[in-house]
Amino acid sequence: MKLLDGKKLSVEIKDEMAGEVSEIVKSGQRPPHLAAVLVGSNPASTFYVKSKVKNCKKIGFESTLIEKSADTSEAELLGIIDQLNQRDDIDGYIVQLPLPDHIDEERVNLAIDHRKDVDGFHPVNFGRMAQGMPAFLPATPYGILMMLERYDIDTTGKHCVVVGRSNIVGTPMSILMSRKNKPGNCTVTLTHSRTKDIGAELRRADIVIAAIGKPNFVTADMIKEGAVVIDVGINRVEDSSKKKGYRIVGDVDFDNVSPKCSYITPVPGGVGLMTVTALLKNTLHARNKSIYS
Ligand code: NDP
């Protein structure tokens, strides 16, 4: 069994990006600039946004964090989005989800200029991705693709089973793995809460991508010998031996599943770090106008 080391890989890719940024700056141009909008003070969202901003700084990107209180109105947020769409000095931006209940996430997503949508959530990017056109890919699936590519994992002709069908992870992942591309060219089964027998589907999988948010859901009896297992889940479980009183685990029962795998991602230290790296990569694409000229 080999670990798909998201920590090591993300450092490697970020170093490459830092090199590219210093070339951009040396040539007299401004560095890439990512903005992030955070509404409210949800601790997980605050942590994720701050880590994105910190990562920008590390590789020479400019970053702007716009923090608004939880009672910010939808109209005010749409006004901020309108300004971000218009600012030439900002290449891409994200609006951290979830938003407070009184704000319609769909309306907010649609208001984002798809040419600055570095989260890859806008339907224009989603549609272009599905058609194999250049697009900002959603960060988590994009991070997973980079991981498969860099570890030179052959996906062609393989059976990939994705667990979970969210718009940000499972569904785009299933599309990308089935596309005529490398990585890709898989036969894909997309499973979800209404799937009759997920274990039976998983036992046929050469590649498993689990993204449901249920600790240790995927167990060893569901995994074929030699399978590649990508664990997207981030779940808190109580652990009194830890200072914080909890630890983070994935959707896969790592201890029992890993001996059967050819490759597996750890949690933490796997997909999560690649997600942030993919967001930065999209911002660099935006700066270089390599997707939309
Ligand atoms: P969502 O909650 O949006 O979607 C969960 C999906 O899992 C749904 O499609 C749901 O099915 C399915 N599901 C839930 N319970 C079951 C079950 N018992 N059996 C089968 N399918 C089930 O989740 P996300 O995609 O946003 O996130 C999934 C996990 O990944 C979470 O732990 C999240 O924290 C993590 N995550 C990690 C990221 C990273 O960077 N590592 C990034 C994004 C998410 P249905 O559609 O039928 O309801």
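Throughout, residue positions are numbered sequentially from 1 according to the sequence presented. All of these numbers come straight from a predicted model, not from anything done at the bench. Every heavy atom of this structure was used, including side-chain atoms; hydrogens, water molecules and symmetry mates were not. Remember, it's 1-based here, ligands and their atoms both numbered in the order they're listed.
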What residues sit with at least one heavy atom under 4.0 Å from ligand 1? Thr140, Gly164, Arg165, Ser166, Ile168, Val169, His192, Ser193, Ile198, Ala211, Ile212, Gly213, Lys214, Phe217, Val232, Gly233, Ile234, Asn235, Val271, Gly272, Thr275

By side-chain contact (heavy atoms from CB on, under 4.5 Å) - contacts of Lys260 (at least two apart): Ala220, Ile223, Glu225

Does Val169 belong to the same Ile/Leu/Val/Met/Phe/Trp/Tyr cluster as Tyr142, with side-chain heavy atoms less than 4.5 Å apart forming each link? yes

Within a 6.0 Å radius of atom CZ on Arg236, are there more than 12 heavy atoms belonging to other residues, nucleotides or ligands? no

Any chance NZ of Lys7 has more than 12 other-residue heavy atoms, nucleotides or ligands included, within less than 6.0 Å? no

Would you please name every residue forming a side-chain hydrogen bond (donor to acceptor under 3.5 Å, both in side chains) with Arg247, sequence neighbours left out? Asp239

Give every residue pair that meets the side chain to side chain donor-acceptor pair (under 3.5 Å) criterion with at least one member in residues 173-191, sequence neighbours excluded. His159-Thr189

